[in-house]
Amino acid sequence: MSELKKIGFVGTGIMGSAMVGHLLDAGYEVSVFNRTKSKAQPLIERGARWCETAGDCAKGQDVVITIVGYPKDVEQVYLAAGGIVDSAKTGAYLVDMTTSSPIVAEKIYAAAKAKNLHAVDAPVTGGDTGAKNATLTIFVGGDEADFNALKPVFDVLGKNIVHEGGAGAGQKTKISNQIALAGALAGVCEAFAYAKSAGLDLEKVFAAISKGSASSAQMSDIVSRGLLDGNFNPGFMLKHLGKDLAIGNETATAYGQALPILAVVLHELRQMENSGHGSEGTQALLKYYGVKD
Ligand code: NAP
């Protein structure tokens with residue numbers, strides 16, 4: 001275990017709950033806060049201490065970890081009066097693992113530095129399964145010394161942990177990941193829409209093409225959950241992928257980079273959100289393509 005023993009954790013949703021579980025199992029003293037308290041209850045029963053606000057959850061901790069929903073949630077928990085930056089003790093490490101904007105990450109880094117706090121952005125990939133199995137990939141932006149100090153904590157949560165560069169570099173890498181994922185996801189949906197319209201047996205198509213050069217983690221996950229099991233519960237919510245691609249779209253414009261595939265998938269996701277599918281898993285994109293009802 002790390003020298004850093006006391007952890008405040010904000011955001012005990014799909015990802016955060018599993019991550020707190022691993023930190024408790026590893027012997028860390030964990031305090032938790034979540035907007036909806038009931039989602040933290042199983043962790044409280046396992047020994048986590050409940051706090052009434054994000055700021056309270058930061059007080060006296062060696063490390064504060066957040067994995068909330070959107071950039072606006074990140075700004076609120078860190079930068080609002082009485083929030084994490086206001087409340088953390090001098091020298092504490094602040095780790096945002098939400099997929100959020102690199103601009104917000106840079107803002108938090110600067111606000112933290114001004115108060116002698118160490119902030120890193122450390123978004124993850126690997127999905128709900130990666131969180132449950134502690135096999136997440138973690139992309140870290142911030143100072144290298146802070147990355148090194150936090151590495152034992154990251155090792156409890158993930159397997160492939162990379163320092164990508166300065167503040168915001170973790171988020172920029174995560175958005176690159178999401179751009180690749182979006183193309184793979186839509187490609188899988190389109191392939192199965194084609195196979196369905198061609199009158200093929202979709203299980204047999206999956207059995208064949210999931211073993212060839214078109215195989216991908218997206219294909220295995222989307223098809224087995226959505227197509228074979230008819231399960232649209234979220235591992236990764238469709239509206240969160242929409243949020244990630246919107247960040248990609250905005251920042252790419254600032255970088256002068258055109259991303260035509262991202263634009264198409266973002267449009268599809270927005271249509272799905274507008275028709276009430278935003279809180280389903282990303283496998284629900286199969287419905288957009290008419291592969292499932
Ligand atoms: P989630 O289940 O919605 O969890 C987020 C949790 O944060 C929710 O429980 C939410 O509270 C809480 N929260 C939001 N704003 C808050 C605030 N201001 N104060 C306190 N708590 C707040 O979502 P998730 O799937 O765990 O994803 C979390 C983040 O990780 C997202 O940015 C997502 O894009 C990213 N991510 C997800 C996956 C995945 O596979 N699920 C993979 C990689 C990255 P409520 O309970 O009230 O909603």
Side-chain angles (χ1 to χ4, degrees), residues 8-22 31-44 48 50-58 64-85 87 95-102 104-105 108 121-140 157-158 160 170-171 173-182 185 217-218 221-222 225 232-248 269 273 278-284:
F9 200 108
V10 179
T12 57
I14 295 173
M15 300 296 282
S17 289
M19 293 158 85
V20 171
H22 297 309
S31 300
V32 292
F33 171 66
N34 192 60
R35 189 170 50 199
T36 306
K37 184 177 179 183
S38 59
K39 292 191 191 167
Q41 199 55 45
L43 299 167
I44 297 167
W50 172 252
C51 304
E52 292 298 335
T53 67
D56 282 349
C57 197
V64 185
I65 299 178
T66 51
I67 182 156
V68 289
Y70 293 82
K72 65 176 169 35
D73 300 316
V74 175
E75 286 206 80
Q76 191 210 336
V77 296
Y78 279 94
L79 300 175
I84 294 169
V85 170
S87 307
V95 184
D96 182 35
M97 304 189 86
T98 316
T99 305
S100 171
S101 153
V104 171
I108 293 169
D121 45 296
V124 302
T125 190
D128 57 333
T129 311
K132 281 182 197 131
N133 297 339
T135 54
L136 292 168
T137 289
I138 308 177
F139 317 106
V140 187
L157 306 173
N160 178 25
Q171 294 297 354
T173 308
K174 169 69 188 187
I175 298 303
S176 307
N177 183 83
Q178 299 308 79
I179 294 166
L181 183 151
L185 168 67
Q218 279 306 300
D221 193 49
I222 296 309
R225 285 193 208 218
F232 294 98
N233 292 331
F236 178 41
M237 280 183 255
L238 203 142
K239 64 184 179 188
H240 280 166
L241 182 58
K243 171 252 309 171
D244 301 348
L245 297 191
I247 295 168
L269 293 171
E273 280 183 57
S279 293
E280 293 182 344
T282 48
Q283 66 273 29

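Along the sequence shown, residues are numbered consecutively beginning with 1. Atoms within each ligand, like the ligands themselves, are counted from 1 in listed order.
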Original post:
Among protein heavy atoms, which lies nearest atom 34 (O) of ligand 1, and at what distance?
Top reply: K243 NZ, 2.7 Å
Original post:
Quick check: does G235 get an N/O under 3.5 Å from an N/O on ligand 1?
Top reply: yes
Subject >> Side-chain donor/acceptor of S31 to backbone N/O of G8, under 3.5 Å >> reply: no
Original post:
Nearest protein heavy-atom contact for atom 19 (N) of ligand 1: which residue, which atom, what distance?
Top reply: V77 CG1, 3.6 Å
Original post:
Below 4.5 Å, heavy atoms only, C-beta onward: do S87 and D56 meet side chain to side chain?
Top reply: no
**OP:** Go through ligand 1 atom by atom and flag the ones less than 4.0 Å from a non-hydrogen atom of G11.
**Re:** 7 (O)
Original post:
With L136, which of H22, M19, M97 fulfils side chain to side chain contact (heavy atoms under 4.5 Å, CB included)?
Top reply: M19
Original post:
To which protein heavy atom is atom 24 (P) of ligand 1 closest, and what is the distance rounded to 0.1 Å?
Top reply: M15 CG, 3.9 Å
Original post:
Under a 4.0 Å heavy-atom limit, does Y70 contact ligand 1 with its side chain, its backbone, both, or neither?
Top reply: neither
Original post:
What atoms of ligand 1 come within less than 4.0 Å of a heavy atom belonging to D128?
Top reply: 40 (O)
Original post:
What do you reckon, does K174 have a nitrogen or oxygen under 3.5 Å from a nitrogen or oxygen of ligand 1?
Top reply: no
Original post:
Taking N or O atoms only and a 3.5 Å limit, does T36 qualify as a polar contact for ligand 1?
Top reply: yes
**OP:** Indicate yes or no: does an N/O atom of M237 lie under 3.5 Å from an N/O atom of ligand 1?
**Re:** no
Original post:
Is M97 near ligand 1, meaning one of its heavy atoms is under 4.0 Å from it?
Top reply: no
**OP:** Number the atoms of ligand 1 from 1 as they appear, then name those within less than 4.0 Å of a heavy atom of T99, with their elements.
**Re:** 32 (O), 34 (O), 35 (C), 44 (C)
**OP:** Just do the side chain to side chain contact (heavy atoms under 4.5 Å, CB included) check on V140 and I138 with the steps written out, would you?
**Re:** CA-CA 6 Å; V140 187; I138 308 177; 3.9 Å; yes
Original post:
Does some side-chain heavy atom of V104 sit less than 4.5 Å from a side-chain heavy atom of Q171?
Top reply: no
Original post:
When you measure from atom 12 (C) of ligand 1 to every protein heavy atom, which one gives the shortest distance, and what is it?
Top reply: N34 OD1, 3.1 Å
Original post:
Does the T98 side chain pair with the main chain of V68, one donor and one acceptor, at a distance under 3.5 Å?
Top reply: yes
Original post:
Just which atoms of ligand 1 are under 4.0 Å from any heavy atom in T98?
Top reply: 32 (O)
Original post:
Under 4.0 Å from ligand 1, counting heavy atoms only, is it the side chain of K39, its backbone, both or neither?
Top reply: side chain
Original post:
With a cut-off of 4.0 Å, which atoms of ligand 1 are near a heavy atom of I67?
Top reply: 5 (C), 7 (O), 28 (C), 29 (C), 30 (O)
Original post:
Any side-chain heavy atom of Q283 sitting closer than 4.5 Å to one from F232?
Top reply: yes
**OP:** Report the residue from N160, T99, T137 that forms a side chain to side chain contact (heavy atoms under 4.5 Å, CB included) with T125.
**Re:** T137
Original post:
Which atoms of ligand 1 sit under 4.0 Å from any heavy atom of G127?
Top reply: 40 (O)
Original post:
What residue and heavy atom of the protein are closest to atom 48 (O) of ligand 1, and at what distance?
Top reply: R35 NH2, 2.9 Å
Original post:
Side chains of Q178 and L241: does their closest heavy-atom pair fall under 4.5 Å?
Top reply: yes
Original post:
Taking all non-hydrogen atoms of both residues, which atom of D244 and which atom of I175 are closest, and how far apart?
Top reply: O-CD1, 3.6 Å
Subject >> Heavy-atom check, side chain of D128 versus side chain of P234, under 4.5 Å >> reply: no
Original post:
Would you say the side chain of P71 lies within less than 4.5 Å of the side chain of K243, judging by non-hydrogen atoms?
Top reply: yes
Original post:
With a cut-off of 4.0 Å, which atoms of ligand 1 are near a heavy atom of D73?
Top reply: 15 (N)
Original post:
Do any N/O atoms on I14 end up under 3.5 angstrom from N/O atoms on ligand 1?
Top reply: yes
**OP:** Give the ring-plane orientation class for Y70 versus H240, where under 30° counts as parallel, over 60° as perpendicular and anything between as tilted.
**Re:** perpendicular
Original post:
Does A54 have a non-hydrogen atom less than 4.0 Å from ligand 1?
Top reply: no
Subject >> Residue and atom name of the nearest protein heavy atom (relative to atom 23 (O) of ligand 1), distance in Å to one decimal >> reply: H240 CE1, 3.3 Å
**OP:** Identify, for atom 4 (O) of ligand 1, the protein heavy atom at the shortest distance, and state residue, atom and that distance.
**Re:** G13 CA, 3.3 Å
**OP:** List the closest protein heavy-atom neighbour of atom 29 (C) of ligand 1: residue, atom name, distance to the nearest 0.1 Å.
**Re:** V68 O, 2.9 Å
Original post:
Can you name the closest pair of heavy atoms from V124 and K174 and give their distance?
Top reply: O-NZ, 2.7 Å
Original post:
Just heavy atoms, cut-off under 4.0 Å: does Q76 contact ligand 1 by side chain, backbone, both, or neither?
Top reply: side chain
Original post:
Are any of the N/O atoms in G69 less than 3.5 Å from those in ligand 1?
Top reply: yes
**OP:** Check each atom of ligand 1 against the heavy atoms of F33 and keep those under 4.0 Å away; list them by number with element.
**Re:** 19 (N), 20 (C)
Original post:
Quick one: are I67 and F9 in side-chain contact, heavy atoms under 4.5 Å?
Top reply: yes
Original post:
Does a side-chain heavy-atom distance below 4.5 Å link L185 with I222?
Top reply: yes
